[in-house]
There are 2 protein chains.
Amino acid sequence: MDSSDLRIFRIVAREGSITQAAARLGFVQSNVTARIKRLESELGTTLFFRHNRGMKLTSTGKILLSYADRIVGLLEEATQALSATLEPIGPLMIGSSQTIASIHLPKLFTSFYKQYPGVILSVTTGDTQTLIKKVLDYDLDGAFISHLCVHPDLQSIPCFNDELVIVAAEGNFDIEEITTRPILVLDMNCIYKEIMEQWMRDKTQTRPHFIVMGTVEAIIGGVEAGLGISLLPKIIIKKNENSRKMHIFALDSLNYNLTTEFIIRRDSFVSSTLSAFLDYIKCVLEIDNSPAIPKNQG
Amino acid sequence: MDSSDLRIFRIVAREGSITQAAARLGFVQSNVTARIKRLESELGTTLFFRHNRGMKLTSTGKILLSYADRIVGLLEEATQALSATLEPIGPLMIGSSQTIASIHLPKLFTSFYKQYPGVILSVTTGDTQTLIKKVLDYDLDGAFISHLCVHPDLQSIPCFNDELVIVAAEGNFDIEEITTRPILVLDMNCIYKEIMEQWMRDKTQTRPHFIVMGTVEAIIGGVEAGLGISLLPKIIIKKNENSRKMHIFALDSLNYNLTTEFIIRRDSFVSSTLSAFLDYIKCVLEIDNSPAIPKNQG
DNA sequence: CCGTTGATATCATTATTTATGATATGAACT
DNA sequence: AGTTCATATCATAAATAATGATATCAACGG
């Protein structure tokens, strides 16, 4: 039994006539007759009494009519409910730390854009405080930040979990030695600087010397050239491991992993583009967190 | 949007994979892909995020899934509910007065039998009291009687409404004269005798003389031969008006019309054959009572 | 008695829709 | 680079639905 059968059945039941129903449906009479007969034989019951003035529902038919009404009603309601949700079109302003922008966003944005080609994406990089302010000021729809954010007007979705490693120039294998080197950071507010500061405090008595490099690429270049050491997501190094001349030290502290979360305003109107983006990142995260490919149901 | 689309959609949503869903449905993967894509384009929304491990519902898709579950559930429930109602097969014992049996039952039984060829119909004629007793004794499933029946164990459905007329031999046009004639009746308990008795009491002072003829055809023959007068449903006379040599007098009393009702036991199990028959006569009555062929809805 | 009307049923044919099979594409993992 | 495991595409085959012509059947009217 199919909903198209029920649609036809309903009209026949209401019109009390196959001919009338066919006219109403824009079908030929024989087709409607055949559909009704097929429905009856499929269900193994008589749905109509045939008489020379048309068709009249049997009690079985009346039962089916009540189901048919509910089913067709739900189908229409569903169509209504879904056609209301329009495909997202328009700008979507996302903020991000530089590291996240270079590690995670290219892939994420590529697949998101493939799904929603009408969305005009733009990424603004900056330090955590700047990004939070822009989100609060409605300059950004949302931002990826690596601090835990507890602002009352913001809500956050944990997104990425990156292993952080200390990197040093090739040949610098002595962890004690490298702690004396300057530390290359993006800016004076970045989370990597804070973590390094904390770590150095625990490890050594000396106050670390920071050099602000401005971009991730500049930091990597500086490390390779032996200017200093730095703290970076492991994945950034692994990506082009072969072409890089760096040594990796595992960071043996509690801040070994860095969680990045996506923040949005708690109150504001959620645009269709942002809504789609939120959906999308939630979906991607579920996939990435899923333990393995579930093999089941033979 | 069709229920078959929803059935496929549901499996894909649950399996999280078109390939798996196709396997489960016994379809080829490309078909499922096409159906889902068509559904999406028909609704104008994206129902799934595609990723390299399969498909994941969007929030729009989740909404549709909840509708799909309800719709498919109702379809299954309907199938269940209807397949339980078996086609009636077996004997159906009906009682009837002779007049009703000859006027109404041939047509009624013909069309009923056409609808339910598995039902083995049988008619028992008799007077009202005998029929009532047989129904109460479970010897008959039901009976057409022309008395108002108020027995506590019986319920009744009004069925036919027949105009009664007094008939006399051709040439007997004087109403005063014919009241002196004997009255031909089926039996001493029949309703026609009672009505005539009442009418004669109002009309004349003389006590009427009744002759029991046993069958309707015998009465008609007796009237034609000038043996006496009788009271019969007008339709019986009209049926073969041309071939009969009788005169019709309208009965000018309150019993002008005779109502026939179908009685059944109130309590007993209603067999599928009886249930179908009840349904059927209710339907036929609605048709006959309907004022005209309803013309509507352009 | 016979033809007309107004309904459903049947059936061969056509049109449309659905399913298939082969192949392309694409991302992740090795 | 190659393998694996997904979805997407496309020409074609198979199944299903719609059509048009015709049959049937009961009621009605002349």
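Since the structure is predicted, the reported quantities are computational estimates derived from the model, not experimental observations. Sequence lines set the chain letters: A, B, ... in the order given, protein chains first and strands last, and positions in each chain run from 1.
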Could you give the [atom1]-to-[atom2] distance, from [X] to [N], as a whole number of Å?
| X | N | atom1 | atom2 | result |
| --- | --- | --- | --- | --- |
| Q20(B) | dA6(D) | CD | P | 6 Å |
| L108(A) | dA28(C) | CG | P | 12 Å |
| F49(B) | dA27(C) | CZ | C1' | 18 Å |
| E15(B) | dC5(D) | CD | C1' | 15 Å |
| I18(A) | dT10(C) | CD1 | P | 11 Å |
| I36(B) | dT9(D) | CD1 | C1' | 16 Å |
| F48(B) | dT7(D) | CZ | C1' | 12 Å |
| L39(A) | dT16(D) | CG | P | 16 Å |

(request) For the residue pair L232(A) and I220(A), establish whether any side-chain heavy-atom pair is separated by less than 4.5 Å. (result) yes
(message) Side chains of D162(B) and I236(B), heavy atoms from C-beta outward: is any pair under 4.5 Å?
(response)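 In short, these two side chains do not touch, never coming nearer than 4.5 Å.
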Could you go over nucleotides 11-13 of chain D and give all protein N or O partners under 3.5 Å, atom names and distances?
none

(message) I want to check one thing: is the phosphate of dT9(D), taken as OP1 and OP2, less than 4.0 Å away from some side-chain N or O of K37(B)?
(response) yes
If the condition is side-chain hydrogen bond (donor to acceptor under 3.5 Å, both in side chains), which residues does [X] pass it with, not counting sequence neighbours?
| X | result |
| --- | --- |
| S122(A) | none |
| R70(B) | none |
| S59(A) | D279(B) |
| Q29(B) | T33(B) |

(request) Check side chain to side chain contact (heavy atoms under 4.5 Å, CB included) between R7(A) and all other residues, then give those that pass, not counting sequence neighbours. (result) S3(A), V72(A), L75(A)
(message) F9(A): which residues meet the ring pair (Phe, Tyr, Trp, His ring centres under 6.0 Å) condition with it, sequence neighbours left out?
(response)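 Ring pair (Phe, Tyr, Trp, His ring centres under 6.0 Å) list for F9(A), sorted by chain: F48(A).
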(request) Using ring pair (Phe, Tyr, Trp, His ring centres under 6.0 Å) as the criterion, list what pairs up with F112(B), not counting sequence neighbours. (result) Y116(B), F277(B), Y280(B)
(request) Give the B/S/- string for nucleotides 17-30 of chain D, one per nucleotide from 5' to 3', where a protein heavy atom under 4.0 Å of the base yields B, of only the sugar-phosphate yields S, and otherwise -. (result) SBBBB----SS---
